[in-house]
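Here the structure is laid out as C-alpha cells; the discussion comes afterwards.
In what follows, every chain begins at residue 1, and chains take the letters A, B, ... in the order their sequences are listed. This is a predicted model, so every value here is computed, not measured.
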Protein chains: 2
Amino acid sequence: MNQARRGRPRDAQVDERILRTAAGLLLERGYPGLSIDEVAERAGVAKTTLYRRWPTKDHLAVAVVARLQDDDRIDDTGDIRRDLTGYMEKIADALNRMRSAGRPADRDDRSAGVVAELVAAGARHDDIGEMGRQVYARRNALALGLIERARLRGELRADLDAAVLLDQLAGALYYRVLVTGAPVDRAYAERLVAGALDGALNRKEPPTCP
Amino acid sequence: MNQARRGRPRDAQVDERILRTAAGLLLERGYPGLSIDEVAERAGVAKTTLYRRWPTKDHLAVAVVARLQDDDRIDDTGDIRRDLTGYMEKIADALNRMRSAGRPADRDDRSAGVVAELVAAGARHDDIGEMGRQVYARRNALALGLIERARLRGELRADLDAAVLLDQLAGALYYRVLVTGAPVDRAYAERLVAGALDGALNRKEPPTCP
DNA sequence: GTTATTACGCTACTGTAGTAGCGAAAAGGA
DNA sequence: TCCTTTTCGCTACTACAGTAGCGTAATAAC
C-alpha cells in the first residue's frame with residue numbers, strides 16, 4: 001500500500017501543525033475549547049484543508065488523543081495478581097491523563113471530561129466506534145492470554161469465565177470515571193484485583209474430617 | 001417549598017407538550033435528531049420559553065430520559081445470588097431501553113447511542129453530573145444494604161469489599177454498553193454475578209486431614 | 001382598581017460545526 | 001510540453017445551540 005499517488009501530495013507539516021495545535025487546545029481547554037475555526041487559524045491552515053483530513057471535530061479529537069497513548073503491552077511476571085494490577089494501573093493512567101484535560105488544577109475534579117466525549121464520539125460515528133472496539137479487542141486478547149497462562153499454571157480456577165473477569169476489572173475503572181466520579185489510582189487497582197480474585201462468597205466451612 | 005409565587009404562573013401543559021415532543025424525537029431519531037428548534041415548533045412553543053425551563057439541550061434530554069425510568073427498588077429475597085442478578089437485570093433493562101433509541105431495528109446495534117450522550121452531558125455540566133451521582137449514590141446505598149444483610153447471614157465473606165463488588169458488577173454492564181458494544185442481557189447478568197461471587201482464584205486444594 | 005413580578009411569544013442576533021464551489025499550485029503520465 | 005489529478009486556500013453558505021431585548025398576558029400584593 002501507499003503507492004505513489006497521482007496528484008499533488010499532501011503536506012505532512014500541515015498534519016503536524018494541526019495536530020499540535022489541536023492537542024494544545026484540547027488539553028488546555030477541554031473538549032468545548034477545541035474549536036475547529038481556532039485550530040485552523042492558529043495552525044495557519046484553511047478550515048477546508050482540515051476537514052479534508054478529519055471529517056468531524058470528533059475525528060480530530062480522536063486522532064489527537066490516539067497520539068498521546070503509549071503502547072498497550074501487558075507484563076507477564078508469572079504472578080497473576082501483580083500482572084492484573086499492573087494492567088489496571090495502565091488503564092487507569094490513560095484515563096486519568098484524559099480526565100484532567102481542560103480544567104484548572106484547583107477544581108474538584110470529578111468530571112469524566114474528555115473521556116466521556118470520546119465515548120460519545122464512538123457512539124455518534126460508526127467508524128470511530130469501530131476503532132475503539134478494535135483497540136479494546138486487541139487489549140482484551142492480550143489480557144485473555146495472560147489469564148489463560150495463569151489458569152494453566154493452576155493459579156486460577158479451571159472453569160473461570162475470563163471474559164467476565166476482564167469486563168469486571170476494566171469496567172469498574174471506566175464506571176468510576178464515567179459514572180460515579182470516584183478516583184482510580186494504584187490503591188483502587190489493588191482492591192479491585194483482590195476483590196475479583198478472591199470472590200465474594202463466604203467459604204469458611206469447618207473442615208469435615210471423620 | 002413551592003410556595004405561591006409572585007408573577008404569572010407557568011403553564012404546566014407547556015412542560016408536558018415539550019417533554020412529550022422531545023421524547024418522541026429522541027426515541028425516534030436519537031440524540032442528534034433532537035433539535036431544539038423542531039421541538040419548539042412541534043410543541044407550539046417559543047424557543048425562549050423552552051430555554052426558560054431547560055438551559056441546554058443536554059438538560060432537556062436528561063429530563064426526558066428521567067421520566068422514562070422506573071423506580072430503583074431492589075428485591076431482597078434472602079438469596080444474594082438471585083437478588084444481585086435481579087439488580088443487574090434492572091440496570092441492563094434501563095441501559096437497553098436507551099441503547100436502541102433512534103436507530104432502525106434491523107441495524108446491527110452496537111452503539112451506546114443515548115447512553116453515551118447522557119454520560120457526556122454529565123461531564124459537560126456540573127449540575128447534570130451531580131444529579132447522576134446522586135442517582136448512583138442512592139442506588140448504591142440500597143445495594144450496599146442488600147450486601148450487608150447477606151454478609152450478616154453468612155452468605156458473603158466477612159472481609160468483603162462491598163464497594164468494589166458493586167463497581168465490578170455495574171461497571172461491567174456500563175463497560176459493555178459504552179466501550180465494547182457487547183450485549184447486556186439476562187444470561188450475561190447471571191454470568192456476571194456468578195463470576196463476582198465465586199472469584200477467580202483456584203481453591204482446589206486437597207483437604208489436609210491427618 | 002394599581003403595581004410589581006413572572007411567563008410567554010416574537011424577532012434578531014452570535015458562535016460554531018460542517019459544506020459547496022472556485023481558482024491556483026504541485027505532482028505524475030502522455 | 002500538455003493533460004489529469006489531487007491539494008490548498010478562499011469566500012460564502014446552511015444548520016443548530018444559545019442569548020438579548022421587547023411587548024404583552026397573567027397572577028399576587030397593595
Touch class at under 4.0 angstrom, heavy-atom based, for B:Leu34 against every strand present: sugar-phosphate
N/O (side chain, B:Arg8) to phosphate O (OP1/OP2, C:dT5) under 4.0 Å: no
Side-chain N,O (A:Arg52) to OP1/OP2 (D:dT6) below 4.0 Å: no
Per A:Arg6 side chain, nearest of listed nucleotides C:dG28, D:dA17, C:dC8: C:dG28
Distance below 4.0 Å between B:Ser35 side-chain N/O and D:dC16 OP1 or OP2: no
Spacing between A:Tyr51 atom OH and C:dG18 atom P, to the nearest angstrom: 4 Å
Check: A:Lys47 side chain, C:dG18 base, donor-acceptor under 3.5 Å: yes
Short side-chain N/O contact from A:Thr49 to OP1 or OP2 of D:dG9, under 4.0 Å: yes
Residue B:Asp37, side-chain atoms from C-beta onward, closest of D:dC8, C:dG18, D:dA17: D:dA17
Whole-Å distance separating the CD atom of A:Glu41 from the C1' atom of C:dG15: 14 Å
Side-chain N,O (A:Arg53) to OP1/OP2 (D:dC8) below 4.0 Å: yes
Shortest non-hydrogen contact between A:Leu192 and A:Leu169, atoms and distance: CD2-O, 3.4 Å
Check: B:Thr48 side chain, C:dC8 base, donor-acceptor under 3.5 Å: no
